[in-house]
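The next block holds one structure in the form of structure tokens; read it before the comments.
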Amino acid sequence: MITWCIKQHKNTNHMYDTYLPYEFHLRMVANVAEKYKYLLDDKLDYYPRSNFFSKDQDIVSLQTACMRAVWGHDLIEDCRISYNDVKSNLGQEAADIVYAVSNEKGKTRKERANAAYYKGIRQTPGATFVKLCDRIANVQYSKMTGSRMFEMYKKENFHFIQELGWFGDVTDPNYELFCDLQQLFIEPKK
């Protein structure tokens, strides 16, 4: 599964920060997810008794679905891979998450990450976790390299976390991820 995801990015010559193979970013996101995967339910029946269940669906835990989805989170958006291709290779649960975190069509960042986009993330189990892992990896990299993207992430962070549905609730299953994302924007005292 991991190899398939990496290959799709290689096949489209998709790079990270112009010169790095995209695998670099996927590994960063997977490392963040690995650190926090204990926050995810590791029981079976990801969609217990729901309308989403289909007869050919792979029954996996939320943790497994998210760990698959972190590797595939940009496939639909960046590699012209269809939902059905993702489903065939990663399973329906992971494909639903990948679909949810894929930006809408739009000419600007704001149009691509619109209200419908965030609603889809909030309504898809595991999608907020995957989106936060992606954002944390992007912020870490931009901060480390001094990229202009760091200031953009910092500027949009309040809106981003509100759209993901977090308002400081310590009982939120993604509480630690939200807090660690916030910490990345705090300047160390001199």
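All values derive from a computational prediction rather than experimental measurement.
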Original post:
Hey, what do you get for CG (N114) to CG (N103), rounding to the nearest 0.5 Å?
Top reply: 8.5 Å
**OP:** Take the angle between the ring planes of H25 and H73 and call it parallel below 30°, perpendicular above 60°, tilted in between.
**Re:** perpendicular
Original post:
So, R68 and E93, do they make that salt bridge, N to O below 4.0 Å?
Top reply: no
Original post:
Is any side-chain heavy atom of D74 less than 4.5 Å from a side-chain heavy atom of C79?
Top reply: no
Subject >> Nearest-0.5 Å distance that lies between atom CG in D172 and atom OG1 in T128 >> reply: 8.0 Å
Original post:
How are the rings of F160 and Y118 set to each other: parallel, tilted or perpendicular (split at 30° and 60°)?
Top reply: perpendicular
**OP:** Report the distance from atom OG1 of T3 to atom CD of E23, rounding to the nearest 0.5 Å.
**Re:** 8.5 Å
Original post:
Is it the case that D96 and T124 place a side-chain donor and acceptor less than 3.5 Å from each other?
Top reply: no
**OP:** Could you tell me whether the side chain of K131 and the main chain of I121 form a donor-acceptor pair under 3.5 Å?
**Re:** no
Subject >> Under 3.5 Å donor-acceptor, W166 side chain and D169 backbone >> reply: yes
Original post:
If you round to the nearest 0.5 Å, how far is CG of L90 from CG of L75?
Top reply: 6.5 Å
Original post:
What is the ring orientation for Y83 with Y99, classed by angle as parallel under 30°, tilted 30 to 60°, or perpendicular over 60°?
Top reply: perpendicular
**OP:** Go through K119 and E163 one step at a time and tell me if the salt bridge (Lys or Arg N to Asp or Glu O under 4.0 Å) criterion holds.
**Re:** CA-CA 8 Å; K119 181 179 180 183; E163 286 292 338; over 6 Å; no
Original post:
Does a side chain donor of either S82 or D85 reach within less than 3.5 Å of an acceptor in the other side chain?
Top reply: yes
Original post:
Any link between F158 and Y175 through a network of hydrophobic side chains (Ile, Leu, Val, Met, Phe, Trp, Tyr) touching at under 4.5 Å?
Top reply: no
**OP:** Would you indicate whether the side-chain heavy atoms of Q63 and D41 approach each other to under 4.5 Å?
**Re:** no
**OP:** Kindly indicate whether the side chain of L164, heavy atoms from C-beta on, has any atom under 4.5 Å from the side chain of F178.
**Re:** yes
Original post:
Which distance, rounded to the nearest 0.5 Å, do you find between the SG of C133 and the CG of L177?
Top reply: 5.0 Å
Subject >> Near-ring test Y141/F150, centroid separation under 6.0 angstrom >> reply: no
Original post:
In Å, rounded to the nearest 0.5 Å, how long is the span from CZ of F185 to NZ of K143?
Top reply: 8.5 Å
